[in-house]
Amino acid sequence: MIRPFVSLFALLMLALPAWAEVRIQEVTSPQGITAWLVEDHSIPFTALEIRFRGGTSVDPADSRGAVHLMTALLEEGAGDMDARAFARAAETLAARFGFDASDDEVSISAQMLTENRDNALALLKQAIHAPRFDPDAIERVRRQVLSGLASDANNPNDIARNVFSRLAFGDHPYGAPGEGSIESVSALSRDDLLTAHRGTFARDRLYVGAVGDITPAELGLLIDDLLADLPQTGAPIPGPAEVLLSGGVTVVDFETPQSVAIFGHAGIPQDHPDFFAAFVLNQVLGGGSFESRLMTEVREKRGLTYGVYSYLAPKDLGALYLGSVASANGRIAEAISVIRDEWRRAAEEGVSDAELRDAKTYLTGAYPLRFDGNARIANIMVAMQMQGLPIDYIATRNARVDAVTADDVRRVAASLLDPAGLRFVVVGQPEGLPVATE
Amino acid sequence: MMRIISVLLAAVLALPLAAQTNDELVTSFVLDNGMQVVVVEDHRAPVVQHMVWYRAGSADEPKGSSGVAHFLEHLLFKATDTLASGELSATVAANGGRDNAFTSYDYTAYFQRIAADRLELMMRMEADRMTNIRLTERDIVTERQVIIEERNQRTENNPRSLFNEQMNATMYLNHRYGTPIIGWMHEMETLDMDDALGFYGTYYAPNNAILVVSGDVDPAEVRRLAEQYYGAIPANPALPERLRTEEPPHRAARRLVFADARVAQPYVSRSYLAPERDPGDQEKAASLVLLAEVLGGGTTSFLAEKLQFDTQVAVYTGAFYNGTALDDTTFDMVVVPAAGVTLEQAEAAMDAAVAEFIETGVEPEQLDRIKMQLRASEIYARDDVDRIANRYGRALASGLTVADVQDWPRVLQEVTGDDIVAAARAVIRPEASVTGWLMQAEEAIQ
C-alpha cells in the first residue's frame, strides 16, 4: 500500500508553490545612509533592525567582554533617565527594544507602534547616543554577567563550546567567549565601556533593515535622526582567524550522566563559489531534518541520541563545519564512531541522486517560509547586506540551490569533509574513548 | 472635577487604536463527529500552519506509566497502514515544510508548517495517523532509548530541571501535575507496546481533538477538507470523561533543598498552589497574570525594585504564572542572590518585599503601563498568527472555550489594583507553598 501513496506525493512535489514576492526597496537617506525596506501597511507597527559589524571581536585582548557588557548597559540608563526611568518610558510606549552582541556584530532590534513611533525612536536614540554607564548600573549588570559566566563554567554544553572554540581559533578573539572571562569582566572599567561604545557605533560598519508601516521618505528621515550623527569610523576589526584544529578526541572530565559532544573542522566561507554545494551536502548529511543521514543512523536506527546535527558556520573572519550530539556516557563512543563513519562515507561517495533531489526540494520549498513576519524579514535583509548579497538575491537564491549537481556535491564532499581531521570535544565521563587530554 | 476628567482623557488618548481585538481573524466550528476546528487567517504570505491538538497529556496517563503520552508522541512518526516509518516527516520535508510535535500536562499536539497549497496533503496524513499507526517491537525498543536520551539531555544533565521536578513533585499531593511530563526514568524504562497503544486507543479520536489551521487559508475550504479527512473518522464513544484525582486541602508549608555539584549559581524558588482559568470564570486568573507582572515582570517590577535596585540582594528576580491549565496550577517566584548573600537572606528579603507589596498596593502608573503593553501585544500578535493559533489550541485543550479566549484580553484589561492585591492575599498561603533551595553540593554538607 505504501507505493501508490508515495507516487501520489511525487506528483504533488513537482510543482512547488508560488509565493509572495518580498519587495525590497533600497532607501538612501538625505545624509547618505542606505537601508533596505519592505513596506507593509497592514499592521500598524514597524520592525527596525540595525547592525554594526565588528561585535565582540573588536575587544582589545586586555578588556575582553567590554563590548558585551557595554551592549547590555544600553537600556540601563540613557540621557536624563536612569535604568528604571528608561524601562518605564519604553513600557509606556509598548516599544520593544533588543540589544545583542555576538562575535561579528552588535545588533539593535526595535518594534514600534505607528501611533507613537517618534517617541519610541527618541528613546532609542538616547540609548545609542547617550548611554550613561552609571556606576551602580555597571555593577548591577556586571554581577549578572558574572553570574552567567559562573553558570556557563558548570554547564556541559557551554564547556564543550568554549573548549572547541579555543582549540579551533587559539588566541584570535573567536577563540574565547565574547562575554569575556570572570577575570576580564571583573576588571572592566567605565573607560573600557566608553571605548567599546565609541568603537562599536560607527557609520563605516552600519547596516539597516526596516519592515512594516512606514514609507521610504519616513524611513530616510528616521535613520538620519537616529544614526547620521555617529562617527564615521569605529574600532579596527581583527584579521582572519586561522583554523588550528587537528583530528582526534578531547575529553573534558565532568560528572554528569550524559556526555555532550561538539565536533567539526574547517568550513567554507559564505562567498565561496561552492558554498551552495556544501549547503546541499550538509542538508543530506546532518541538516536539521529527521531525514538526515546522521539522524537516521544515530537516532532512528540505533536510538543513541535525542538529536544529532551538523551545520556550516561561516563567520566573518573564519569558517567552521560543526556538529553536535549528546548520548549517555556509556553510549557516546558508539555515537561518535557512527558519525565518523558517516563523515567518511559522504566524503568518499557524495550523495545519491534521490538524496540530492529531496534536499533541494526541501531547501527551495522551505526558503519562502522564512519570510513570515516583519522582524524576521528585517533580520534577513540586514544579514543579506552584511554578506554583500544583491538586493534581488531572494528571487535568485532558489535557482542557485537548484543549480547544484551531484558532481558538485561529490567534489565538495571530497574536499570539504575530512574524516581524519574531525575533532571531537566531549564533556562528561564517556566510556571507551581515549584518555582525557584536557 | 475638570482636572480629573482631563487626566482620564489623556489616559484614554494614550491607548493604541487596539482596544480592538483580533477576533475577526478567527473562525471556529465543530465537525459532526465532535472534532473542534479553529481557523486563523493571515493572507500576507502563502504559508499555512496545520495543527492537531489532543486533549490528552501526561496528567492523563495511567499510574505507573509516566511518560507514555510523550512516548506515544514520538511513536506517531512511525508507520501507519499507508505510510512507512518516517515517511510523514520525509513527505513534509520534501514539500519544503517542517513538522514536529509536543507534549504537555494537558495536551499533545502535532503540527506542520508548509506552503498553503499543501494543506490537503497534511490533513490526509494527520488524519491517517489519528487511528492507523502500526508499531513494531523494534520501534518500541529504539524509540524508548531516544526518549531516555531526551530525558538525559533535558533533565538528568541539568540540575535546574531536576530541581524543578522535585518542586513539582512536592507541590502536588494527589494530582498528576506532580509527575514530570517526560516521565520518571524508572517508569520510562518499562514503557512497552501495550502502554503506548492503550493510551492511543483511549485518547486519539476526533471527539478528543482540536484542529487549528492558521495562515493563508479560506475557512470554507478548511471546513470542506476537514469534513473530508477528519470527518470520516468515527468518534470514540468510549472516550472517558476527563476527571483526574484532585488535590486535597494543603495544610503544611513544604521545604526542600536540592544540592548538586553542577550548580554554579544557587537560588531560591517559591511556589504557591493557584487557581487556573476556568470557562466563563477567568477573573482570578487574570488578576494573577497581572500580579506576576507587577511583582516580578522585569526591571520595573516590585521585586526588582526592592531586591535589585533599592538593595543589591539579588542579581535576578522573577514571578511567573501560567493560568492555561485544566486543573490547579502554581504561582512561582524566583530570587537569585548576589554574591555574598545567603539563600536564607534572599528568601527573607523576598518575603519582606511581598508583604510590603500587599500593604502598599499597586502603583496606578505601573498598572497602566502593563495594560498598554497587553493592548499593544494584540497588534504585535497579528505579525505572527501561528502564535494566535497556538493560544487557541492550548486553551481549548485545557478546558476553555473559544469565547473564553476571545474574552481574555478584555478580562485582563478590567483587572484593578485592588483585584491584584486581593489575588495576592488569596494565593500567598504558606500552607499551600513549597520553598526550594538549589545549592552547590558542598554547601549542603554543612
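Below, chain A is the first sequence line, B the second, and so on; all start at residue 1. Computed from heavy atoms alone, side chains included, the values below leave out hydrogens, waters and symmetry copies. For clarity, every value in this text was computed on a predicted model and none was experimentally measured.
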| Portion of Arg154(B) that has a non-hydrogen atom of chain A nearer than 4.5 angstrom | side chain

| request: Could you look at Asp82(A) and say if it's the side chain, the backbone, both or neither that has a heavy atom under 4.5 Å from chain B? | output: neither

| message | Using a 3.5 Å distance criterion without hydrogens, assess whether the side chain of Asp358(A) forms a donor-acceptor pair with backbone atoms of Ala94(B). | response | no

| task | Over all heavy atoms of both residues, which pair between Ala45(B) and Phe371(A) is shortest? Give the atoms and the distance, please. | result | CB-O, 4.4 Å

| query | What do the steps show when you test Asn95(B) against Thr361(A) for side chain to side chain contact (heavy atoms under 4.5 Å, CB included), and what is the final call? | reply | CA-CA 6 Å; Asn95(B) 281 274; Thr361(A) 335; over 6 Å; no

| request: Might you confirm whether atom CZ of Arg88(A) has over 12 heavy atoms from other residues, nucleotides or ligands at distances under 6.0 Å? | output: yes

| Interface moiety of Leu304(A) toward chain B, non-hydrogen atoms closer than 4.5 Å | backbone

| To the nearest 0.5 Å, what is the distance between CD (Glu91(A)) and CD1 (Ile370(B))? | 7.0 Å

| field | CZ/Arg387(B): more than 12 non-hydrogen atoms of other groups inside 6.0 Å | value | no

| field | Under 4.5 Å from any heavy atom of chain A - which part of Val263(B) | value | backbone

| note | One should read off an interatomic distance between Thr256(A) OG1 and Asn158(B) CG, to the nearest 0.5 angstrom, of 9.0 Å

| message | Are there over 12 heavy-atom neighbours, none belonging to Arg134(B), within less than 6.0 Å of that residue's CZ? | response | yes

| message | Need one label for Ala137(A): side chain, backbone, both or neither, based on atoms under 4.5 Å from any heavy atom in chain B. | response | neither

| query | Roughly how far, to the nearest 0.5 Å, is the CD1 atom of Ile379(B) from the OG1 atom of Thr114(A)? | reply | 8.0 Å

| query | Any sub-3.5 Å donor-acceptor pair from Glu150(B)'s side-chain atoms to Tyr306(A)'s backbone N or O? | reply | no

| task | Against chain B, label Leu363(A) side chain, backbone, both or neither, depending on which of its atoms sit under 4.5 Å from a heavy atom there. | result | neither

| request: To the nearest 0.5 Å, tell me how far Leu369(A) CG sits from Arg98(B) CZ. | output: 8.5 Å

| field | Per-residue contact mode, Ala153(A) against chain B (heavy atom under 4.5 angstrom) | value | neither

| said: Quick check: do Arg96(A) and Gln373(B) have side-chain heavy atoms less than 4.5 Å from each other? | reply: no

| Quick one: do Arg44(B) and Asp372(A) make a salt bridge, cutoff under 4.0 Å? | no

| Region of Phe86(A) in contact with chain B, defined by heavy-atom distances below 4.5 Å | neither

| query | What are the two closest heavy atoms between Asn100(B) and Phe290(A), and how far apart are they? | reply | OD1-CZ, 4.3 Å

| task | Give, for atom OG1 of Thr299(B) and atom CD of Glu76(A), the distance between the pair rounded to the nearest 0.5 Å. | result | 5.5 Å

| field | Minimum-distance pair of heavy atoms, taken over all atoms of Phe309(B) and Ala83(A) | value | CE2-CB, 4.0 Å

| message | Using a strict threshold of under 4.0 Å (side-chain N to carboxylate O), is an ion pair present between Lys78(B) and Glu300(A)? | response | yes

| Please walk me through it: do Arg140(A) and Gln312(B) pass side chain to side chain contact (heavy atoms under 4.5 Å, CB included)? | CA-CA 8 Å; Arg140(A) 185 162 34 75; Gln312(B) 278 74 51; 5.6 Å; no

| message | Quick check for you: to the nearest 0.5 Å, what is the distance between Gln265(B) atom CD and Ser147(A) atom OG? | response | 3.5 Å

| query | Looking only at heavy atoms, what is the nearest atom pair of Asn154(A) and Ala261(B), with distance? | reply | ND2-O, 3.5 Å

| So which part of Glu291(A) gets closer than 4.5 Å to some heavy atom of chain B, the side chain, the backbone, both or neither? | side chain

| task | State whether the side chain of Asp383(B) and the backbone N or O of Gly373(A) hold a donor-acceptor pair below 3.5 Å, judged by distance alone. | result | no

| query | Sub-3.5 Å donor-acceptor pair from the side chain of Gln144(A) to the main-chain atoms of Val315(B), do we have one? | reply | yes

| field | Heavy-atom pair of closest approach, residues Ser42(A) and Arg382(B) | value | O-NH2, 3.4 Å

| task | For each of Ala47(A), Ala375(A), Pro257(A), tally heavy-atom pairs with chain B at distances under 4.5 Å, and name the one with the top tally. | result | Pro257(A)

| field | Glu363(B) CD: over 12 foreign heavy atoms closer than 6.0 Å | value | yes

| task | Pick one of side chain, backbone, both or neither for Val141(A), based on which atoms fall under 4.5 Å of a heavy atom in chain B. | result | neither

| task | Describe, in one word, how the ring planes of Tyr380(B) and Phe45(A) are oriented to each other, choosing from parallel (under 30°), tilted (30 to 60°) and perpendicular (over 60°). | result | perpendicular

| Which atoms of Ala93(B) come close to chain A, meaning under 4.5 Å heavy atom to heavy atom: side chain ones, backbone ones, both, or neither? | both

| Greatest number of heavy atom pairs closer than 4.5 Å to chain B - which of Leu146(A), Asp136(A), Ile43(A) | Ile43(A)

| request: Could you tell me which residues satisfy salt bridge (charged side-chain N to carboxylate O under 4.0 Å, His left out) with Glu149(B), sequence neighbours excluded, listed by chain and number? | output: Arg331(A)

| query | What option among Gln308(B), Arg262(B), Glu156(B), Arg151(B) has the most heavy-atom pairs under 4.5 Å with chain A? | reply | Arg262(B)

| chain B heavy atoms under 4.5 Å from Pro156(A): which part of the residue, side chain, backbone, both or neither? | side chain

| note | Sequence neighbours excluded, the answer for salt bridge (charged side-chain N to carboxylate O under 4.0 Å, His left out) partners of Asp310(B) is Arg84(A), Lys306(B)

| note | Okay, Asp42(B) and chain A: the region with an atom under 4.5 Å from a heavy atom over there is neither

| note | The interface call for Asn157(B) against chain A, heavy-atom contacts under 4.5 Å, is both

| message | Need one label for Ser85(B): side chain, backbone, both or neither, based on atoms under 4.5 Å from any heavy atom in chain A. | response | neither

| query | If you look at every heavy atom in Val146(B) and Gly303(A), which pair is closest and at what distance? | reply | CG2-CA, 3.7 Å

| Proximal component of Met295(A), with respect to chain B [non-hydrogen, under 4.5 Å] | neither

